[in-house]
Each structure stands twice: as C-alpha cells, then as structure tokens.
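Before any comments, here is the structure.
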Amino acid sequence: MIRAHSKSPSPQRSFHFYNQILHSQNLSPDNYTFNFLVRTCTQISSPETGLSIHAAVIKHGFETDPHVQSGLIHMYAELGFLDSSLSIFLKLPDPDLVSQTAMVSACAKSGEVDIARELFDKMPFRDPIAWNAMISGYTQSGRSREALRLFHLMQIDGVKVNEGTMVSVLSACTHLGALDQGRWVHVYIERNNIRMTVTLGTALIDMYAKCGNLGKAMEVFWRMREKNVYTWTSAMNGLAMNGAGKECLELFDLMKQEGVPPNEVTFVSVLRGCSVVGLVEEGREHFDSMSIVYGLEPRLEHYGCVVDLYGRAGRLEDAINFINSMPIKPHAGAWGALLNACKIHGNLKLGEFASRELVELELKNDGAYVVLSNIYADSRNWDEVSNVRKLMKNEGVKKVPGCSVIEVNGEVHEFFVGDKTHPRYSEIEVKLGEISRRLRLSGYVANTNPVLFDIEEEEKEDALCRHSEKVAIAFGLISLDEGIPIRIVKNLRVCGDCHDVTKIISKVYNREIIVRDRNRFHHFKNGDCSCRDYW
DNA sequence: CTAGGGTTAG
C-alpha cells in the first residue's frame with residue numbers, strides 16, 4: 001500500500017494516508033513510513049508540515065536511518081532552509097555516500113555552489129552520481145565552464161561516465177553555445193555505447209538547436225524512437241528560435257496527432273513560432289485554445305508572448321488592449337515586449353508609457369532605459385537621450401555589459417564591449433580596421449543611433465566598432481579557416497548596426513555567420529539574415 | 001523484485 005502511494009499523482013492524498021498510519025493506534029510507523037512522509041512533504045513543499053514531520057521523526061527515533069537522513073537534507077533544501085539541511089548533515093557522525101551527495105546537491109540547488117564544491121572535494125569516495133551532482137550543480141548555476149572543467153577531471157579520475165553525466169555536460173555546452181564540444185560529446189556517447197535515453201536525446205536536440213545547427217537537431221529528433229513532451233517541445237523551440245515558425249507549427253500538429261498532450265512550456269514555443277513569422281491570428285487562436293481545449297491556465301510568459309505577437313506585427317493598439325485586458329497584473333515581460341515593439345515601429349508616446357510601467361515594476365531594469373533611449377535616438381531626440389542617461393545615473397542603474405562568446409578549436413573565447421584583454425588583441429585590432437575599411441568601400445555608413453550616449457559621431461562609430469560581437473567576429477575571421485562558419489553567442493540582443501555590419505561582412509568576406517542572441521538566431525549569409533530584419 | 005543521492009524543454 002505504501003509503495004502504491006509512493007507513485008501517487010496526488011501528494012496531498014498520500015500525505016493524509018501516511019498521517020493516518022502515524023496517528024493510528026494499531027499500526028506503528030516504521031522507517032519506510034517516515035521516508036515517504038519526508039519525501040511527500042518535499043513534493044507538496046509545505047514548511048509547517050516539514051517541521052512537524054521532522055519532529056515526529058525525532059520522536060520515533062528514526063533520525064539515524066540513512067534513508068530518512070538524506071530525505072530530510074533534500075527536503076529542507078527544497079523548502080529553502082539550507083541551514084537546516086546543513087545542521088542535520090553536520091550532526092551525522094558518519095554520513096554515507098548518499099547523504100553526502102544529497103548535501104552537495106542541496107547546496108548547489110540553493111545557489112551555494114562553492115560550498116557544494118568544498119564538500120565534494122572533502123568526500124573520501126565519489127561515485128558517478130556524486131560527480132553528476134556536482135557537475136549539474138555548476139550547470140544549473142550558470143557556471144557551465146566549471147561544469148566542463150569538472151567533467152574533464154572526472155575523466156582523468158577514471159570514473160565511469162553515464163547518461164546522466166552526458167545530459168549535464170550537454171546542458172553546459174548548450175548554455176555556452178559550444179558546438180564543437182557538444183559534437184564531441186555526441187561522438188563520445190556513440191563510441192562508449194552510452195544508453196540513448198529520451199532525456200539524453202532531448203538534451204542533444206536542445207544542444208544542436210541552441211548552438212545553431214538546426215539540421216542536426218532535427219536529424220536527432222527524427223531518429224528518436226521514443227519521444228516525450230520535452231523532446232517535442234525542445235525541437236519546436238529550436239525551430240522557433242531559428243526562425244522556422246511554420247515548421248514549428250507543423251511539428252505541433254504532428255505532436256498532437258501522436259497523442260502527446262502539450263503542456264504550458266509547449267505553448268511558449270508555439271507562440272514564439274507564430275511570432276517569428278507574424279502569424280498573429282493563428283497565435284491568438286493557440287493562446288485561446290490553451291484553457292479552452294487543454295485546460296492549461298495561461299501564465300505570465302504566455303501573455304508576454306501574445307503582446308510580442310501583436311507588437312512585432314505592428315498591431316500596437318491590440319497589444320496595449322491585450323495588456324489592459326489581462327486578468328492578472330502584467331509583469332515586466334509584457335511591458336518589455338510592448339516597449340520592444342514600440343522601438344521596432346517607432347512609437348515614441350507608447351514607448352515612453354511602456355518604459356514608465358516597466359521601471360515602476362522593476363526600478364533597476366536596465367533594458368527599460370536602454371530601449372527608451374534607443375527610441376529617442378532613432379528620432380534624433382538627443383536631449384531626451386541624455387535625460388535618460390542622467391536618470392540611469394541617478395537611479396544607479398547599470399547597463400549589463402554586452403558579451404559575445406566564440407568557440408575556436410574547442411576553446412571558448414569571451415569578449416566584452418571594448419574588451420582589449422584578449423592575448424591576440426593586436427591582431428584583432430588590425431582586423432577590425434580592415435573590416436571597417438572594406439565596409440566603407442562597399443558603401444556602408446554606420447548606423448550610430450543605437451549608441452546609448454550622446455557622444456560625438458566619430459566616437460560613436462568607434463564605440464560601435466567595439467561592440468562585443470564585432471570583436472568576436474573579427475577574431476573568428478582571423479582564427480577560423482575559410483569556409484568554416486563563425487558562430488557567436490551573445491548575452492544581449494544584437495543592435496541594428498551590428499546586424500547591418502554582420503550582413504555585409506557575410507557578403508564581403510563570403511563567410512557564413514551565425515549569431516545566437518538573447519532571443520533567437522540570426523543566420524547571416526551572402527549579405528542577408530534569416531530573420532529577414534524582423535527581430 | 002521491494003526506500004535514499006544526479007540528468008532534458010520556456
């Protein structure tokens with residue numbers, strides 16, 4: 001009966017059942033009962049019940065049971081009480097491998113990766129799962145580089161790698177946009193006969209799609225025999241990100257035909273697919289179908305997608321009406337989508353309004369200021385541009401520095417705006433000069449509007465030359481052989497000038513350039529971009 | 001066979 005309940009879809013009900021055992025006169029709870037109670041508590045995530053269960057564990061003398069111990073460590077971390085996890089752990093006279101791993105994972109999940117690493121280093125023995133816990137701890141904290149470094153240490157140590165390891169390592173490659181290393185992992189999986197589970201296949205699809213190799217992503221997708229909602233959603237998201245909105249929607253139809261029910265995340269991909277190709281009405285229908293057909297409550301991100309859908313298509317009136325009709329309080333994402341639409345379509349008044357709403361919600365939202373100042377700059381309203389700058393200074397808002405990453409020979413190189421710290425910077429500088437000469441020869445005039453500050457034209461052009469993606473592209477041109485596409489991953493959106501310049505570079509240098517920005521992909525080839533300047 | 005630690009999509 002207990003086992004039946006452990007797989008119950010309703011934690012609440014199981015919880016009641018266990019409580020009956022706990023308080024029944026004829027039945028005495030054993031360590032199994034407590035183990036399940038603790039784990040169910042973790043699922044329903046209720047701090048009060050957690051505390052009372054812990055008290056009952058102590059009362060019945062099961063504190064020393066290893067299964068219960070690791071469960072409690074896990075539970076407190078999930079409830080947000082890492083200190084309690086730690087104090088349980090530190091009181092254990094002889095914590096076993098599983099409890100140690102649970103503690104490492106608890107720290108990592110609570111954002112204390114460095115403490116996790118200290119514990120990990122102190123472990124007298126580490127099995128593959130312990131390594132996986134630490135590697136995924138880095139990945140989930142956005143420290144992908146360290147994740148990869150640890151993976152290499154794992155191999156040096158001769159520890160057996162399994163599919164869980166590969167999933168985390170692929171996830172690290174995905175975040176870094178490190179296609180070479182991702183490809184290497186794929187080969188490694190095949191050579192070492194690592195079991196191709198649904199999870200691993202999905203991680204591969206996500207990696208290829210987000211590293212700009214959509215063809216390979218879809219190849220893996222079609223080859224997978226077993227697919228779940230994650231698999232379908234990853235593929236659909238990959239298509240949407242790469243501008244293939246129609247194919248994304250076709251896949252959605254196929255998914256439904258195969259009888260896989262979509263979930264909330266799937267609809268984010270569907271709506272993004274509609275948005276990239278401007279299928280406004282179809283997107284709106286999908287949004288409405290969420291609750292009507294699938295019983296899924298649209299969440300803030302879905303509302304944001306619809307605002308984006310209307311906004312990008314230039315239907316600003318519909319966008320603002322939609323925001324005003326939202327049954328929940330619009331979040332920064334909705335206003336941000338509207339603001340972005342105002343920038344694309346040059347609507348000053350609505351843009352001012354949207355950015356005010358945005359700042360009210362998030363005082364330190366740098367995007368609100370930057371985009372607003374870009375809107376003013378587009379209309380050459382330099383006084384307002386400088387006002388926004390002053391405002392940012394007064395409010396202590398700092399613009400997140402742009403950063404572009406490029407992988408060369410399996411090594412990841414990172415460039416910030418105006419970054420001169422790279423060991424080969426002098427060569428890069430020469431290349432940048434050459435690029436700007438060749439661009440001018442081809443009739444290019446810098447689009448200096450996106451520069452935030454009202455500096456002199458010449459300086460502006462200089463600042464534009466230093467945008468991180470340009471530096472990264474210059475480095476790509478000198479370090480990658482002809483014919484090899486240059487792949488860049490950027491943390492922010494590409495600016496209009498960089499977009500123009502990259503198009504021309506792709507033509508003048510006859511080089512394919514693939515840029516993943518914060519939102520989507522731009523495939524530059526022969527002077528054109530796959531986004532058709534609609535982004 | 002049967003309880004515990006790790007792994008995928010916005």
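First the proteins, then the strands, lettered A, B, ... as listed; each starts at 1. Since this is a predicted model, take the numbers as computed values, not measurements.
If you check every strand for non-hydrogen atoms under 4.0 Å, A:Leu97 touches a base. Across all strands, A:Lys210 comes closer than 4.0 Å only to sugar-phosphate atoms, never to a base (heavy-atom distances). Among the atoms of the strands shown, only primed sugar atoms or phosphate atoms (P, OP1, OP2) are found under 4.0 Å from some heavy atom of A:Asp206. A:Thr233 comes within 4.0 angstrom of a nucleotide base, judged by non-hydrogen atoms across all strands. Here A:Ser168 lies in heavy-atom contact (under 4.0 Å) with sugar-phosphate atoms only. Among the protein residues, A:Glu163 comes within range of the nucleic acid bases, having at least one heavy atom under 4.0 Å from a base atom.
Here B:dA9 presents its P atom at 13 Å from CG of A:Leu204, a figure rounded to the nearest Å. Atom pair A:Tyr208:OH and B:dT8:P shows a separation of 19 Å (rounding to whole Å applied). The nearest whole Å value for the distance from the NE2 atom in A:His74 to the P atom in B:dG6 is 6 Å. The separation between A:Ile135 atom CD1 and B:dT7 atom C1' is 11 Å, rounded to whole Å. Rounded to an integer number of Å, the gap from CD of A:Glu264 to P of B:dG10 is 14 Å. In this structure, A:Met75 atom CE and B:dG5 atom P are separated by 14 Å, rounded to whole Å. Protein atom CG of A:Asn162 is 12 Å distant from nucleotide atom P of B:dT7, rounded to whole Å. The separation between A:Leu72 atom CG and B:dG5 atom P is 13 Å, rounded to whole Å.
Ion pairing between A:Glu414 and A:Arg145 holds under the 4.0 Å rule for side-chain N and carboxylate O. A salt bridge is absent between A:Asp114 and A:Arg117: the closest approach of a Lys/Arg side-chain nitrogen to an acidic carboxylate oxygen does not fall below 4.0 angstrom.
Residue ring and base: A:Phe36 does not count as stacked with B:dA3 (centre distance below 5.5 Å and interplanar angle below 30° not both satisfied). A distance cut-off of 5.5 Å between ring centres, combined with a plane angle under 30°, leaves A:His67 outside any stacking arrangement with the base of B:dG4.
Proximity note for A:Asn35 (side chain, C-beta onward) versus B:dG4, B:dG10, B:dG6: the nearest is B:dG4.
Side chains of A:Thr231 and A:Thr202: a donor on one and an acceptor on the other come within 3.5 Å. In the model, A:Tyr208 has a side-chain atom that pairs as donor or acceptor with a side-chain atom of A:His186 under 3.5 Å. Residues A:Asn242 and A:His523 have side chains that bring a donor and an acceptor to within less than 3.5 angstrom of each other. With 3.5 Å as the limit, one finds no donor-acceptor pair spanning the side chains of A:Ser136 and A:Ser168.
Taking side-chain N and O atoms only, A:Gln140 has no distance below 4.0 Å to OP1 or OP2 of B:dG6. The shortest distance between the side-chain N/O atoms of A:Asn237 and the OP1/OP2 oxygens of B:dG10 is below 4.0 Å. Distances shorter than 4.0 Å separate none of the side-chain N or O atoms of A:Ser70 from OP1 or OP2 on B:dG5. Within the 4.0 Å cut-off from OP1 or OP2 of B:dG5, not a single side-chain nitrogen or oxygen of A:Ser99 is found. A close approach under 4.0 Å does not occur between any side-chain nitrogen or oxygen of A:Arg195 and OP1 or OP2 of B:dT7.
A heavy-atom distance below 4.5 Å is not found between the side chains of A:Val489 and A:Leu176. Using a 4.5 Å heavy-atom threshold, the side chains of A:Asn321 and A:Tyr310 count as separate.
For DNA chain B, no stem formed by at least three consecutive Watson-Crick or G-U pairs, with both atom-pair distances below 3.5 Å, is detected.
Contact annotation: side chain of A:Asn132 to base of B:dG5, donor-acceptor pair absent below 3.5 Å. For a distance-only test at 3.5 Å, the side chain of A:Asp65 fails to qualify as a donor-acceptor partner of the base of B:dG4. If you check distances only, the side chain of A:Asp96 never reaches the base of B:dG5 with a donor-acceptor pair under 3.5 Å.
Checked against the 6.0 Å centroid criterion, the rings of A:Phe252 and A:Trp232 do not qualify as a close aromatic pair.
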